[in-house]
Amino acid sequence: MDTMRERFAATASRLLDDDPRLAVVLAEIGKDGFTDAARAHPDRVINVGIREQLLVGVGGGLALTGMRPILHTFASFLVERPFEQVKLDFGHQGVGGVLVSAAGSYDWPAGGHTHMAPGDVALLDTLDGWTVHVPGHPDEAETLLRDAAAAGDDSVYVRLSAHSNSAPRDIVPGRFLTVREGRGGVVIAVGPMLDSVLTAVEGLDVTVLYTTTVRPFDERTLRATAGAGAGAGTAVDVVLVEPYLAGTSTAAVNDALADRPHRVLGLGIPRRELRRYGTIDEHLAGQGLDPASLRERVSGFLR
């Protein structure tokens with residue numbers, strides 16, 4: 001199976017062939033995946049070098065001319081380092097583009113904390129109007145990328161990761177997918193956390209919702225799920241499992257259920273320095289996001 005990044009490069013290259021409005025902007029990272037595309041479209045595959053602020057500035061400039069830019073580098077270099085440019089060159093200018101990140105929260109632990117970005121989604125959440133996709137499989141990444149490229153002038157963030165579920169799901173961008181139903185609470189699994197969640201809740205009487213789009217948050221499906229088989233005054237427990245900063249979407253759950261009693265447990269990466277190396281699986285265990293840890297935390301929280 002190819003990786004999300006490999007699927008991104010292949011898909012974006014085909015999209016460049018089909019849509020003359022698209023342009024890909026790189027900051028050295030990922031350039032090898034676009035060698036053929038750069039040869040075919042030298043004016044629409046732009047490598048600015050190791051200049052992340054310029055990467056975003058060029059993308060914003062292309063958007064001002066009517067182009068649909070696709071920007072790509074590691075999440076820490078795409079969202080965190082040039083955040084002022086994202087805020088001003090896209091948001092303040094009122095233009096849109098597609099930001100496609102790699103390396104997730106800790107995909108390359110040997111790179112150290114400079115290459116880790118567990119706070120990227122929370123940071124983008126301070127800006128207005130961004131759609132945020134978190135695919136859990138390369139097939140889903142392709143679906144979401146194609147949707148983002150065709151999304152008019154909207155601002156879209158697609159968060160790619162080496163962490164992947166074993167199989168894709170039949171996703172609809174912007175909607176939660178009900179994977180299994182139960183009566184003892186609702187567990188929301190975001191992107192690549194689905195496999196671990198399903199293993200963790202095996203035998204538990206819970207509903208599992210799967211989402212690859214966290215902004216906008218699918219309040220409608222959550223409300224319908226929380227109200228299924230229960231009266232309006234019945235309390236509902238919701239566990240949110242995200243592959244980035246813990247609690248990033250807790251406020252969205254609270255807003256969706258503001259008119260009914262509920263409890264929310266936000267699981268993810270704690271707000272502390274990531275100073276350890278190792279593998280993705282070791283990081284998951286260290287953050288309490290492996291199946292065994294999730295089962296203990298979920299079952300301990302649910303009524």
Side-chain angles (χ1 to χ4, degrees), residues 2-103 117 120 124 127-135 138 140-161 173 213 215:
D2 56 352
T3 66
M4 292 190 199
R5 288 188 72 193
E6 291 168 340
R7 185 67 63 87
F8 157 65
T11 300
S13 295
R14 289 193 293 270
L15 290 171
L16 285 169
D17 294 335
D18 299 336
D19 188 348
R21 185 170 174 249
L22 295 179
V24 171
V25 189
L26 307 168
E28 202 65 24
I29 290 172
K31 67 177 182 178
D32 291 345
F34 288 92
T35 300
D36 292 341
R39 191 176 296 117
H41 308 286
D43 57 334
R44 291 192 287 124
V45 178
I46 304 166
N47 180 11
V48 302
I50 307 175
R51 301 175 180 88
E52 287 80 13
Q53 289 90 338
L54 179 60
L55 166 76
V56 178
V58 168
L62 289 169
L64 283 170
T65 71
M67 300 287 288
R68 181 71 169 160
I70 301 174
L71 284 57
H72 175 65
T73 187
F74 288 172
S76 57
F77 305 149
L78 185 62
V79 176
E80 295 180 334
R81 180 172 295 173
F83 180 70
E84 183 178 14
Q85 282 71 32
V86 175
K87 179 177 72 174
L88 298 179
D89 295 352
F90 282 94
H92 190 62
Q93 292 292 343
V95 296
V98 184
L99 274 59
V100 182
S101 72
D120 56 342
L124 272 181
L127 303 180
D128 181 42
W130 280 83
T131 294
V132 178
H133 296 311
V134 187
E140 297 167 0
E142 178 171 349
T143 297
L144 295 168
L145 178 64
R146 290 183 176 278
D147 184 77
D153 294 315
D154 291 351
S155 293
V156 184
Y157 179 51
V158 184
R159 190 183 203 263
L160 306 183
S161 176
T213 303
R215 300 292 182 276

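As a basis for the values below, the full set of heavy atoms in this structure was taken, side chains included, without hydrogen atoms, waters or symmetry mates.
Using a 4.5 Å heavy-atom threshold, the side chains of Leu55 and Leu78 count as touching. Using a 4.5 Å cut-off on side-chain heavy atoms (C-beta onward), Leu160 and Pro135 make contact. With a 4.5 Å cut-off on side-chain heavy atoms, Leu145 and Met4 do not count as touching. Looking only at side-chain heavy atoms (C-beta outward), His133 and Pro173 come within less than 4.5 Å of each other.
For the atom pair OG1 (Thr11) and CD1 (Ile70), the distance works out to 9.5 Å, reported to the nearest 0.5 Å. Taking CD from Gln93 and CD from Gln85, the interatomic distance works out to 12.0 Å, rounded to the nearest 0.5 Å. To the nearest 0.5 Å, the span separating CD on Gln53 from CZ on Arg81 amounts to 7.0 Å. Here the straight-line distance linking atom CD of Glu140 with atom CG of Asp147 works out to 13.0 Å at 0.5 Å rounding.
For Ala9 against Gly33, the heavy-atom pair with the smallest separation is CB-O, 3.7 Å. Asp89 and Gly57 get closest at one heavy-atom pair: OD2-CA, 3.3 Å. For Arg215 against Trp130, the heavy-atom pair with the smallest separation is CB-O, 3.5 Å. The two atoms that bring Ser13 and Ala37 nearest to each other are OG-CB, 3.5 Å, heavy atoms only. Between Gly59 and Pro69, the closest heavy-atom pair is O-CG, 3.3 Å. Scanning all heavy atoms of the two residues, the minimum distance from Leu62 to Ala23 falls at CD1-CB, 4.1 Å.
A donor-acceptor pair under 3.5 Å is formed between the side chain of Arg68 and the backbone N or O of Ala148. Without hydrogens or angle criteria, Asp153 side chain to Val95 main chain gives no donor-acceptor distance under 3.5 Å. Arg44 places a side-chain N or O within 3.5 Å of a backbone atom of Leu22 that can act as its donor or acceptor partner. Of the possible polar contacts, none joining the Arg159 side chain to the Val132 backbone as a donor-acceptor pair under 3.5 Å is found.
Each of Val100, Leu99, Val25 was compared with His72 under the side-chain contact (heavy atoms from CB on, under 4.5 Å) criterion, and only Val100 meets it. For the side-chain contact (heavy atoms from CB on, under 4.5 Å) with Tyr157, the qualifying choice from Asp120, Val98, Leu71 is Asp120, the only one to do so.
Ionic pairing of Asp36 and Arg39 is present here: one or more N-O contacts between side-chain nitrogen and carboxylate oxygen are shorter than 4.0 angstrom. We find that Glu28 and Lys31 are joined by a salt bridge, their nearest charged nitrogen and carboxylate oxygen being less than 4.0 Å apart.
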- Show your working on side chain to side chain contact (heavy atoms under 4.5 Å, CB included) between Leu15 and Val24 and close with a plain yes or no. CA-CA 10 Å; Leu15 290 171; Val24 171; over 6 Å; no
- Message: As a quick check of understanding, evaluate side chain to side chain contact (heavy atoms under 4.5 Å, CB included) for Phe77 and Ile50, giving each step before the final call.
- Response: CA-CA 10 Å; Phe77 305 149; Ile50 307 175; over 6 Å; no
- Query: Would Glu80 and Glu52 satisfy side chain to side chain contact (heavy atoms under 4.5 Å, CB included), going step by step from the backbone distance to the final call?
  - Reply: CA-CA 10 Å; Glu80 295 180 334; Glu52 287 80 13; over 6 Å; no
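Applying the ring-ring contact (aromatic ring centres under 6.0 Å, His included) test to every pair with at least one member in residues 14-60, sequence neighbours left out, gives these pairs: Phe8-Phe34.
Within a 6.0 Å sphere centred on CG of Asp128, other residues, nucleotides and ligands contribute 12 heavy atoms or fewer.
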